[in-house]
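Working notes, beginning with the structure itself.
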Amino acid sequence: MRTLANLDLNLLVTLDAIVQNQSVTRAAEQLGVTQPAVSAALARLRRHFGDEILHRVGNRYQLTPFGVDLRQRTRLALAGVERVFGSRGIFEATDTVREFSVVVSDYATAILGRRLTDLITAHAPHARLRFMPTTPDHVARAEQMLTALDVMLVPHGFVTDLPNSEVFRDDWVVVSDHGHRVARDGPTVDDLRTLPWVLVYHSQTASTPAARQLRMIGIEPRAQVITESFLTVRSLVVGSDRIALVPRRLLDVPGMRDGLTAHRPPVDLGPLVQAMWWHPVYDHEPEHRFLREMILQAAREVCGPLPPAE
């Protein structure tokens, strides 16, 4: 039976260099060791996994399918190891040089990003923030991704079974070009069914909570354009007959209202509940708790206090 006690942790560093570079020579150069040393480590890794990992195809080397799968796994594993050994028993925000990683949509970044950055800079001047765009893969593999990343900001309904905290709430509005026929009185239920849409984060397996709610009441939006960015919606709606659903606070972003008219939906879509998710291994880590507190403080200052729990 394979156990971690029988493995050399340095092999993980070598494995990452091999699968990222897809070359023993370049891996050796990156690590500052000899090529025979990397070749010997690769032989040990091949025996451990029972797979070639890297093999010759014609006059070049490429990863096996298992090696391709290892690329992201090793990067996540290394990030987790660095987080473990980079932790300190006593946390002083003014001294930390940690990079805090936040997976977040462009919408939530536009709402909270500036204030959160200011708070982190004021309390932890040597720390760094990394905002990473939300992707379907991040959401689908949230538990695995959050072993190496700090927090993910996505609405309720995408992630389950992980520690979370509500950050802020928003409402949905239907936007159209200011010259659209629905701009004066707002769209009807029939308009929602028949007009072309710009949809955000829309696929067979993922969509916004509002789009899912529409489906539940029998309205299937006619997707004409699909985008992975809320900030692109304005340019895709203005001057067209398309409509879109966006969070109301997005229209507070400078320039987002230009050329648009917004109306409350003709059906109840419920609130957008933006939440923060993290891996339970970081529940009590001081640096992680500091980040979560800063995010909640930024949300309170920008969006106001949360409504009382029901």
Side-chain angles (χ1 to χ4, degrees), residues 4 8-17 19-20 30-32 70-135 137-154 158-159 161-168 274-303:
L4 289 176
D8 179 356
L9 193 59
N10 287 320
L11 283 176
L12 179 61
V13 178
T14 304
L15 174 61
D16 181 65
V19 296
Q20 300 303 329
Q30 176 184 318
L31 297 171
L70 285 176
R71 289 188 72 173
Q72 192 165 35
R73 290 172 181 260
T74 57
R75 184 51 53 91
L76 286 171
L78 269 180
V81 169
E82 290 170 356
R83 293 272 297 277
V84 169
F85 286 96
S87 299
R88 299 173 60 183
I90 299 175
F91 171 61
E92 293 289 344
T94 54
D95 295 335
T96 186
V97 294
R98 178 162 168 169
E99 177 178 283
F100 294 106
S101 51
V102 181
V103 178
V104 61
S105 69
D106 60 344
Y107 149 66
T109 302
I111 302 302
L112 298 181
R114 173 63 182 272
R115 186 57 192 143
L116 176 59
T117 301
D118 289 346
L119 285 171
I120 294 290
T121 301
H123 290 86
H126 305 297
R128 180 168 59 187
L129 266 174
R130 180 183 295 271
F131 292 116
M132 304 175 65
T134 307
T135 67
D137 185 58
H138 281 137
V139 175
R141 300 192 301 120
E143 183 170 3
Q144 179 183 353
M145 300 298 293
L146 287 172
T147 59
L149 305 173
D150 284 302
V151 298
M152 184 180 296
L153 267 62
V154 295
F158 287 97
V159 179
D161 301 327
L162 284 175
N164 63 88
S165 180
E166 184 175 330
V167 178
F168 66 86
Q274 188 77 40
M276 167 174 57
W277 308 79
W278 63 91
H279 197 283
V281 71
Y282 301 118
D283 273 344
H284 306 294
E285 185 191 74
E287 289 177 313
H288 201 279
R289 292 177 64 180
F290 164 76
L291 172 64
R292 301 197 309 259
E293 290 166 1
M294 291 296 97
I295 291 173
L296 293 176
Q297 181 175 337
R300 285 193 301 271
E301 294 181 11
V302 174
C303 303

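Here the structure is a predicted model, which is why all the values come from computation and not from measurement.
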| said: Looking at every non-hydrogen atom in both residues, tell me the closest pair between L112 and A299 and how far apart they are. | reply: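 Closest pair (atom of L112, atom of A299, distance): CD2-CA, 3.6 Å.
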| query | Does the side chain of N164 pick up a donor-acceptor pair with the side chain of W278 at under 3.5 Å? | reply |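 Note: N164 and W278 side chains miss the donor-acceptor criterion.
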| query | Would you say the side-chain atoms of Q297 and E293 include a donor-acceptor pair closer than 3.5 Å? | reply |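 No.
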For the side chain of [X] and the backbone of [Y], is there at least one donor-acceptor N/O pair under 3.5 Å apart?
| X | Y | result |
| --- | --- | --- |
| R115 | A298 | no |
| E287 | T96 | no |
| T94 | A124 | no |
| T134 | S105 | yes |
| R141 | L146 | no |

Supply the atom-to-atom distance [X] [atom1] to [Y] [atom2], rounded to the nearest 0.5 angstrom.
| X | Y | atom1 | atom2 | result |
| --- | --- | --- | --- | --- |
| W277 | D161 | CH2 | CG | 8.5 Å |
| E285 | F290 | CD | CZ | 12.5 Å |
| I120 | H123 | CD1 | NE2 | 9.0 Å |

| said: Any heavy-atom pair between the side chains of Q274 and E166 that's under 4.5 Å? | reply: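 The answer is no, as the side chains (C-beta and beyond) never meet within the 4.5 Å cut-off.
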| Do NZ/NE/NH1/NH2 and the carboxylate oxygens of R292 and D283 come within less than 4.0 Å? |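 The answer is no: the pair does not qualify as a salt bridge.
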